[in-house]
J.: 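Sharing a structure, written as structure tokens. Questions coming.
Count residues from 1 along the sequence. In this text, all values refer to a predicted model and were calculated from it rather than measured experimentally. For the numbers below, each heavy atom of this structure counts, side chains included, while hydrogens, waters and symmetry mates do not.
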Amino acid sequence: MNRKKGDLTYYEYYDKQIKEDKIQSKEAIIELRKIEEYTFSDRSELNFVDANFCKEEYISFLKSRFIKVTSKFFDLYKIK
């Protein structure tokens, strides 16, 4: 998938595919939900990735994602 999408985010890639009539919106939503399941992120969390991308926003995203992943790990292994 990374080779197909190139420098685009997953959301940009699927938006482009829909715009070019290569896939239907419903198909894109299904694929994006699969990706969100294993990346523990969603479109709203990746809005900072644009032309004005900065280090502080990326660090904030990583901290938030770390908390999510840690929480899921603790829940899975019943760690309190």
J.: Are Leu62 and Ile67 grouped together when hydrophobic residues (ILVMFWY) are joined by side-chain heavy atoms under 4.5 angstrom apart?
T.: no

J.: State, to 0.1 Å, how close Ser64 and Glu45 come at their nearest heavy-atom pair, and which atoms those are.
T.: OG-OE2, 4.1 Å

J.: Distance from Lys72 atom NZ to Asp75 atom CG, nearest 0.5 Å?
T.: 7.5 Å

J.: Check Lys34 with Glu37, please: is the shortest side-chain N to carboxylate O separation under 4.0 Å?
T.: no

J.: Quick check: are there more than 12 heavy atoms from other residues, nucleotides or ligands sitting under 6.0 Å from OH of Tyr77?
T.: no

J.: Counting neighbours of NZ on Lys68 that are heavy atoms of other residues, nucleotides or ligands and sit closer than 6.0 Å, is the number greater than 12?
T.: yes

J.: Mind listing the closest non-hydrogen atom pair of Arg65 and Thr39 along with its distance?
T.: NE-O, 2.7 Å

J.: Tell me, yes or no, whether the heavy-atom count around Glu57 atom CD, taken from other residues, nucleotides or ligands under 6.0 Å, exceeds 12.
T.: yes

J.: Using the rule that two of Ile, Leu, Val, Met, Phe, Trp, Tyr join whenever any of their side-chain heavy atoms come within less than 4.5 Å, decide whether Phe66 and Phe74 are in one cluster.
T.: no

J.: Answer yes or no: is there a side-chain heavy-atom contact under 4.5 Å between Ile18 and Glu27?
T.: no

J.: Does Tyr13 share a hydrophobic cluster with Tyr38, counting links as ILVMFWY side-chain heavy atoms below 4.5 Å and allowing steps through other members?
T.: yes

J.: Rounded at 0.5 Å granularity, tell me how far CZ in Phe61 sits from OH in Tyr58.
T.: 7.0 Å

J.: At what distance, to the nearest 0.5 angstrom, does CG of Leu76 lie from OG of Ser71?
T.: 11.0 Å

J.: Measure the spacing between CD1 of Ile35 and OH of Tyr14 and express it to the nearest 0.5 Å.
T.: 4.5 Å

J.: Out of curiosity, does Ile23 fall in the hydrophobic cluster containing Tyr10 (side-chain heavy atoms, cut-off under 4.5 Å, transitive links)?
T.: yes

J.: First locate atom OG of Ser41, then atom OH of Tyr11, and finally report the distance between them rounded to the nearest 0.5 Å.
T.: 5.0 Å

J.: So which heavy atom on Glu36 is nearest to which on Arg43, and how close?
T.: OE2-N, 3.8 Å

J.: Identify the two heavy atoms, one from Asp7 and one from Glu12, that lie closest to each other, and give their separation to 0.1 Å.
T.: O-OE1, 4.4 Å

